[in-house]
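Notes follow the structure.
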Amino acid sequence: MRKSDVRTERDVKEYLKDWSEFERSVYLATFKIPEGKVSTYSRIAEVIGKPKAQRAVANALHKNPLYPIVPCHRVVKSDGGFGGEKKAASDRRRHVEREGVPTKDGKVSLSKRVLF
DNA sequence: CCCGTGACCGACT
DNA sequence: CAGTCGGCCACGG
């Protein structure tokens with residue numbers, strides 16, 4: 001199946017059938033984050049049942065094969081900042097801002113309103 | 001199986 | 001506040 005045809009959660013699973021169980025769970029959890037909201041690497045780790053694997057979660061999202069279908073740009077650090085290389089990070093920041101999430105000093109204020 | 005590599009995190013200086 | 005440190009963990013070589 002082609003990336004451009006991926007829409008539903010089921011499509012995501014199908015498209016990622018050859019990826020590891022861990023990575024699939026990360027992309028699936030991220031896929032559920034609604035527009036206008038964000039989550040954190042920690043929360044994703046908790047949701048998939050691996051509370052101490054935030055670092056591995058970040059690694060998985062770093063190689064996200066379904067961007068922007070799987071909205072990895074909506075996953076931020078616990079302090080609301082955007083991780084990774086400078087350019088890529090600011091790109092993701094602009095992307096979430098465009099989706100309606102306000103930022104201050106390059107960071108998202110993790111209020112209940114925006115935190116998924 | 002050991003080892004290096006990170007889009008991490010909380011504690012601490 | 002900005003930096004550093006140790007702990008953590010899946011993945012690929």
Side-chain angles (χ1 to χ4, degrees):
Chain A
M1 121 168 277
R2 296 173 309 178
K3 173 177 175 179
S4 60
D5 292 327
V6 176
R7 316 209 172 252
T8 70
E9 185 177 325
R10 199 174 71 211
D11 294 338
V12 176
K13 287 182 185 169
E14 164 63 20
Y15 190 87
L16 300 171
K17 66 176 181 180
D18 291 330
W19 289 65
S20 73
E21 184 58 52
F22 177 81
E23 291 162 327
R24 229 188 339 270
S25 63
V26 170
Y27 297 131
L28 239 29
T30 303
F31 181 68
K32 296 174 179 145
I33 305 174
E35 184 175 331
K37 294 205 169 197
V38 300
S39 188
T40 67
Y41 296 99
S42 278
R43 288 178 65 104
I44 296 294
E46 291 171 22
V47 174
I48 66 176
K50 304 239 166 196
K52 299 178 192 169
Q54 323 96 325
R55 206 150 184 195
V57 167
N59 283 336
L61 291 177
H62 181 49
K63 27 178 204 176
N64 177 15
L66 286 174
Y67 177 81
I69 301 168
V70 165
C72 58
H73 55 285
R74 297 182 191 145
V75 181
V76 302
K77 302 198 290 185
S78 59
D79 68 352
F82 294 78
E85 186 218 1
K86 217 172 181 181
K87 176 127 194 329
S90 65
D91 283 341
R92 300 203 320 275
R93 175 175 55 70
R94 282 193 286 273
H95 198 155
V96 287
E97 291 175 339
R98 175 162 28 100
E99 295 182 331
V101 178
T103 67
K104 188 199 175 201
D105 298 319
K107 295 181 179 178
V108 175
S109 297
L110 272 27
S111 61
K112 291 187 176 178
R113 296 188 43 113
V114 304
L115 191 55
F116 174 61

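Keep in mind that the numbers below use all heavy atoms, side chains included, and drop hydrogens, waters and symmetry copies. Order of the sequence lines sets the chain letters (A, B, ...), proteins ahead of strands, with each chain counted from 1.
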Rounding to a whole Å, what distance do you find between [X]:[atom1] and [N]:[atom2]?
{"X": "Tyr27(A)", "N": "dA7(B)", "atom1": "OH", "atom2": "P", "value": "12 Å"}
{"X": "Asp79(A)", "N": "dC9(B)", "atom1": "CG", "atom2": "C1'", "value": "10 Å"}
{"X": "Ile44(A)", "N": "dC8(C)", "atom1": "CD1", "atom2": "C1'", "value": "18 Å"}
{"X": "Phe82(A)", "N": "dG6(B)", "atom1": "CZ", "atom2": "P", "value": "22 Å"}
{"X": "Asn59(A)", "N": "dG4(B)", "atom1": "CG", "atom2": "C1'", "value": "12 Å"}
{"X": "Leu110(A)", "N": "dC8(B)", "atom1": "CG", "atom2": "P", "value": "14 Å"}
{"X": "Gln54(A)", "N": "dG7(C)", "atom1": "CD", "atom2": "P", "value": "15 Å"}
{"X": "Asp18(A)", "N": "dG12(C)", "atom1": "CG", "atom2": "P", "value": "12 Å"}

- When only distance counts, do a donor and an acceptor, one from the side chain of Arg55(A) and one from the base of dA10(C), lie under 3.5 Å apart?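 Counting by modelled atom types and ignoring angles, no donor-acceptor contact under 3.5 Å is found here.
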- Query: Should the ring pair His95(A) and Tyr67(A) be called parallel, tilted or perpendicular, given that the plane angle runs from 0 to 90° and is split at 30 and 60?
  - Reply: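 Because their plane-to-plane angle is over 60°, the rings of His95(A) and Tyr67(A) count as perpendicular.
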- Query: Do NZ/NE/NH1/NH2 and the carboxylate oxygens of Glu21(A) and Arg24(A) come within less than 4.0 Å?
  - Reply: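 A salt bridge is present here (some side-chain N lies under 4.0 Å from a carboxylate O).
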- Message: How close do Arg93(A) and Gly106(A) get, counting heavy atoms only, and between which atoms?
- Response: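 Residues Arg93(A) and Gly106(A), closest heavy atoms: CD-CA, 3.7 Å.
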When we call it a touch if two heavy atoms are under 4.0 Å apart, what does [X] touch: a base, just sugar-phosphate, or nothing?
{"X": "Ser42(A)", "result": "sugar-phosphate"}
{"X": "Lys63(A)", "result": "sugar-phosphate"}
{"X": "Ala53(A)", "result": "sugar-phosphate"}
{"X": "Glu23(A)", "result": "sugar-phosphate"}
{"X": "Phe22(A)", "result": "sugar-phosphate"}

- Query: Does Ser78(A) put a side-chain nitrogen or oxygen below 4.0 Å from OP1 or OP2 of dC8(B)?
  - Reply: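 False: Ser78(A) side-chain N/O out of range (4.0 Å or more) of dC8(B) OP1/OP2.
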- Message: Between Lys77(A) and dC9(B), is there a contact of a side-chain N or O with OP1 or OP2 at under 4.0 Å?
- Response: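 No, no such contact exists.
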- Task: With rounding to the nearest 0.5 Å, note down the distance linking CD1 in Ile69(A) to OG1 in Thr30(A).
- Result: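 If I round to the nearest 0.5 Å, the distance is 13.5 Å.
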- Closest to the Lys50(A) side chain, choosing from dA10(C), dG6(B), dC9(C):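 Side chain of Lys50(A) sits closest to dA10(C).
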- Message: Counting only side-chain heavy atoms from C-beta out, which of dC8(B), dC9(C), dA7(B) sits nearest to His62(A)?
- Response: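 Nearest listed nucleotide: dA7(B).
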- Is Lys32(A) close to Val47(A) at the side-chain level, that is, under 4.5 Å between some pair of heavy atoms?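 In short, these two side chains do not touch, never coming nearer than 4.5 Å.
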